[in-house]
Structures are given as C-alpha cells and as structure tokens.
Visitor: 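Sending over a structure as structure tokens; questions will come in a sec.
Note that the numbering runs from 1 along the sequence shown for the chain. What you see below is based on every heavy atom in this structure, not just the backbone, and it leaves out hydrogens, waters and symmetry mates. Note that ligands are numbered from 1 as they come in the structure, with each ligand's atoms numbered from 1 the same way.
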Amino acid sequence: MSASKTYLIFLGPPGSGKGTQSRMLQDKLGIPQISTGDLFRYNLKNKTELGLLAKRYMDAGELVPDEVTIRMVEERLSRSDCAHGAIFDGFPRNLHQAVALDEMLQDEGGVSLAPLLLVDDSEVIRRLSGRRVCRSCGAVYHVEFKPPKIDGVCDIDGGELYQRDDDKPETIKHRLYVYYRQTSPLVGYYFAKGLLAEINGNRPPDEVQQALIQTLAERHLLSETAT
Ligand code: AMP
C-alpha cells in the first residue's frame with residue numbers, strides 16, 4: 001500500500017454494489033468503509049435525534065439535508081480508524097457534498113480515486129427489490145441470487161432478515177430518479193479531475209472485485225502482492 005492516505009469514492013446508482021464492493025476492499029486496503037446510509041440506519045435503530053430526523057427523508061427516498069450529512073461524515077472521519085484513509089459508500093451524493101469533502105481532505109492529499117459501478121436500471125430494480133438485510137449484523141442477501149440457508153434467517157448470526165422500507169418498488173424508482181438528478185453530475189466532477197474509474201458492475205461480486213483490484217493496482221493504490 002502507498003504511504004500516503006487513500007480515499008476512495010464509490011459512485012453508482014443504488015443497488016450497483018457499492019456496499020458489497022467497499023466492504024470487500026476494507027481489509028485489502030487497511031482502511032474502513034464509511035457508508036452514510038448505514039450510519040443513518042444505525043442512528044435510526046438507536047432512536048437518536050439524528051436518526052429520527054433522517055427517517056422521513058430515507059422513507060421517501062430523498063437525500064437527508066447536506067448540513068446534517070456533512071457534519072456526520074466529518075465526525076466519522078475524525079476517528080482513529082480513518083488515520084490512513086477511508087472508502088466512501090453513498091457519500092458524496094451531490095456536488096455540494098463533493099466540494100465539502102474536498103475541503104475536508106485538502107490537507108490529506110484529497111480523493112485518490114472514484115470508481116463508478118455501471119449497472120443497468122433493470123438490474124438495479126431486480127437487485128434492490130430482492131435485497132434482504134440482517135437486522136443484527138447488517139449482512140446482505142438476495143432472495144434469488146444469494147438466498148440464506150434458512151428462509152428469513154441470517155447464515156452468520158441467526159438474525160432476522162428484513163426488507164429495507166426504501167427497497168419497496170415505489171421508493172426504488174424515486175431513489176433512481178434522485179440518483180440521476182442529484183448524484184450523477186458527480187461522474188463529470190471526478191472525470192474532470194482525472195479520478196474516475198469506470199467498472200462494469202453487471203457481473204457477480206467476485207468478478208467486480210477483481211476488476212477493482214486491478215484498477216487500484218494500476219493506479220498504485222494497492223501493492224501488487226495484495227492482488
Ligand atoms: P443508501 O444505504 O446509501 O442507499 O442510503 C439510504 C438513504 O440514506 C438514502 O436514500 C438517503 O435518504 C440517505 N442517505 C445516505 N447517504 C446520503 C448522503 N450522502 N446524503 C444524503 N442522504 C443520504
């Protein structure tokens with residue numbers, strides 16, 4: 001791994017595999033995944049003020065206000081496990097957040113790379129509508145592509161599997177709309193900085209991971225031995 005800090009920004013529509021891929025990379029890069037969606041869901045589960053505020057936006061498939069989101073990310077980045085960098089999943093989600101992140105990282109070397117997971121809309125809808133999540137450990141399943149051994153029960157810790165409220169059909173469509181309207185301009189933003197890396201995400205997770213690792217190695221963000 002390079003001596004400088006590494007900050008990856010995963011781009012792509014909801015359901016494109018950002019969470020899966022960023023979690024798979026954590027150990028290889030030795031830096032944590034920061035998922036703003038997971039942070040909001042954690043707060044919601046624990047009924048914090050932040051969680052209750054975020055809930056109405058999440059239920060509607062809308063973005064939580066920038067001020068709240070940016071403050072939460074700043075706090076998360078200040079923790080010691082981010083000393084060597086972080087892998088962002090679901091942040092930034094619009095240009096304002098991207099500029100705020102650049103400011104946060106200006107003394108840390110800035111964003112290293114923005115992998116964009118390209119996935120067809122029909123595939124996104126299929127993935128999200130079949131997604132199930134463990135209530136206790138957060139492991140992700142799919143009724144068709146990755147079913148648990150026992151229906152509705154997590155293979156890892158026996159927790160109950162549930163469908164996220166925002167994975168219901170009407171909200172999925174609205175989240176896609178919000179992605180194209182608010183988040184997709186970030187593709188141009190990172191492209192202009194020479195930081196965009198397009199990855200075909202219409203493939204099984206292991207193949208996508210392999211492609212990512214190759215891209216990171218080519219950009220000297222991962223030692224050859226880790227590939
Ligand atoms: P995700 O798990 O990334 O699909 O996020 C679930 C929901 O959390 C989104 O639909 C938003 O309501 C909220 N959320 C997650 N990340 C952000 C962000 N960076 N800015 C605003 N809202 C967010």
Side-chain angles (χ1 to χ4, degrees), residues 7-23 25-26 32-46 48-77 86-105 111 114-117 119 121 123-135 137-142 161-187 189-190 201:
Y7 295 97
L8 300 185
I9 311 292
F10 268 91
L11 295 175
S16 57
K18 302 186 297 295
T20 303
Q21 295 301 327
S22 53
R23 267 191 297 274
L25 272 182
Q26 292 182 104
Q33 172 215 36
I34 297 181
S35 158
T36 40
D38 282 351
L39 289 173
F40 285 132
R41 279 184 289 279
Y42 175 83
N43 274 280
L44 189 54
K45 193 170 145 192
N46 290 291
T48 68
E49 209 177 308
L50 173 64
L52 295 176
L53 183 147
K55 181 177 165 38
R56 58 195 165 109
Y57 298 97
M58 296 173 80
D59 285 351
E62 292 286 346
L63 297 187
V64 178
D66 288 342
E67 196 192 283
V68 175
T69 307
I70 291 165
R71 208 176 324 124
M72 179 177 78
V73 169
E74 259 167 348
E75 193 281 321
R76 179 66 189 84
L77 262 182
I87 308 169
F88 289 98
D89 157 19
F91 182 89
R93 265 306 220 270
N94 59 28
L95 282 171
H96 184 227
Q97 293 182 8
V99 171
L101 181 64
D102 282 346
E103 281 166 15
M104 280 182 231
L105 301 182
V111 171
L116 165 65
L117 301 179
V119 177
D121 285 354
E123 175 69 9
V124 160
I125 292 170
R126 211 147 55 108
R127 286 185 188 180
L128 291 181
S129 49
R131 178 160 74 177
R132 299 292 182 271
V133 184
C134 173
R135 216 176 268 289
C137 75
V140 181
Y141 296 83
H142 190 281
L161 301 187
Y162 77 106
Q163 181 174 37
R164 281 170 44 174
D165 282 341
D166 58 356
D167 280 346
K168 308 263 160 78
E170 278 324 297
T171 318
I172 290 175
K173 284 200 188 117
H174 189 65
R175 286 166 68 203
L176 264 175
Y177 170 75
V178 169
Y179 172 75
Y180 285 115
R181 207 177 41 139
Q182 302 196 45
T183 310
S184 66
L186 296 185
V187 172
Y189 182 80
Y190 289 112

Visitor: Atom CD of Gln33 and atom CZ of Phe10: how far apart are they, to the nearest 0.5 Å?
Guide: 9.0 Å
Visitor: Which one of Arg93, Gln97, His96 satisfies the side chain to side chain contact (heavy atoms under 4.5 Å, CB included) criterion with Thr69?
Guide: Gln97
Visitor: Check ligand 1 for close polar pairs with the protein: N or O on both sides, less than 3.5 Å.
Guide:
{"residue": "ligand 1", "atom": "2 (O)", "partner": "Arg41", "partner atom": "NH1", "Å": "3.0"}
{"residue": "ligand 1", "atom": "2 (O)", "partner": "Arg41", "partner atom": "NH2", "Å": "2.9"}
{"residue": "ligand 1", "atom": "2 (O)", "partner": "Arg164", "partner atom": "NH1", "Å": "3.4"}
{"residue": "ligand 1", "atom": "2 (O)", "partner": "Arg164", "partner atom": "NH2", "Å": "3.3"}
{"residue": "ligand 1", "atom": "3 (O)", "partner": "Arg93", "partner atom": "NH1", "Å": "3.1"}
{"residue": "ligand 1", "atom": "3 (O)", "partner": "Arg93", "partner atom": "NH2", "Å": "3.2"}
{"residue": "ligand 1", "atom": "4 (O)", "partner": "Arg93", "partner atom": "NH2", "Å": "3.4"}
{"residue": "ligand 1", "atom": "4 (O)", "partner": "Arg164", "partner atom": "NH2", "Å": "3.2"}
{"residue": "ligand 1", "atom": "4 (O)", "partner": "Arg175", "partner atom": "NH2", "Å": "3.0"}
{"residue": "ligand 1", "atom": "5 (O)", "partner": "Arg93", "partner atom": "NH2", "Å": "3.3"}
{"residue": "ligand 1", "atom": "12 (O)", "partner": "Glu62", "partner atom": "O", "Å": "2.6"}
{"residue": "ligand 1", "atom": "16 (N)", "partner": "Thr36", "partner atom": "OG1", "Å": "2.7"}
{"residue": "ligand 1", "atom": "16 (N)", "partner": "Gly90", "partner atom": "O", "Å": "3.3"}
{"residue": "ligand 1", "atom": "16 (N)", "partner": "Arg93", "partner atom": "NH1", "Å": "3.2"}
{"residue": "ligand 1", "atom": "19 (N)", "partner": "Gly90", "partner atom": "O", "Å": "2.9"}
{"residue": "ligand 1", "atom": "19 (N)", "partner": "Gln97", "partner atom": "OE1", "Å": "3.0"}
{"residue": "ligand 1", "atom": "20 (N)", "partner": "Gln97", "partner atom": "NE2", "Å": "2.9"}
{"residue": "ligand 1", "atom": "22 (N)", "partner": "Val64", "partner atom": "N", "Å": "3.0"}

Visitor: Can a salt bridge be assigned to the pair Arg71 and Glu74 using a cut-off of 4.0 Å between side-chain N and carboxylate O?
Guide: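 The answer is no: the pair does not qualify as a salt bridge.
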Visitor: Would you please name every residue forming a salt bridge (Lys or Arg N to Asp or Glu O under 4.0 Å) with Asp66, sequence neighbours left out?
Guide: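 For Asp66, no residue satisfies salt bridge (Lys or Arg N to Asp or Glu O under 4.0 Å) once neighbours in sequence are set aside.
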Visitor: So that I can tick it off, tell me whether Asp38 and Arg41 are bridged by a salt bridge, with the cut-off set at under 4.0 angstrom between side-chain N and carboxylate O.
Guide: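 Salt bridge present between Arg41 and Asp38.
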Visitor: Under 4.0 Å between a Lys/Arg side-chain N and an Asp/Glu carboxylate O for Asp167 and Arg132?
Guide: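 Arg132 and Asp167: not salt-bridged.
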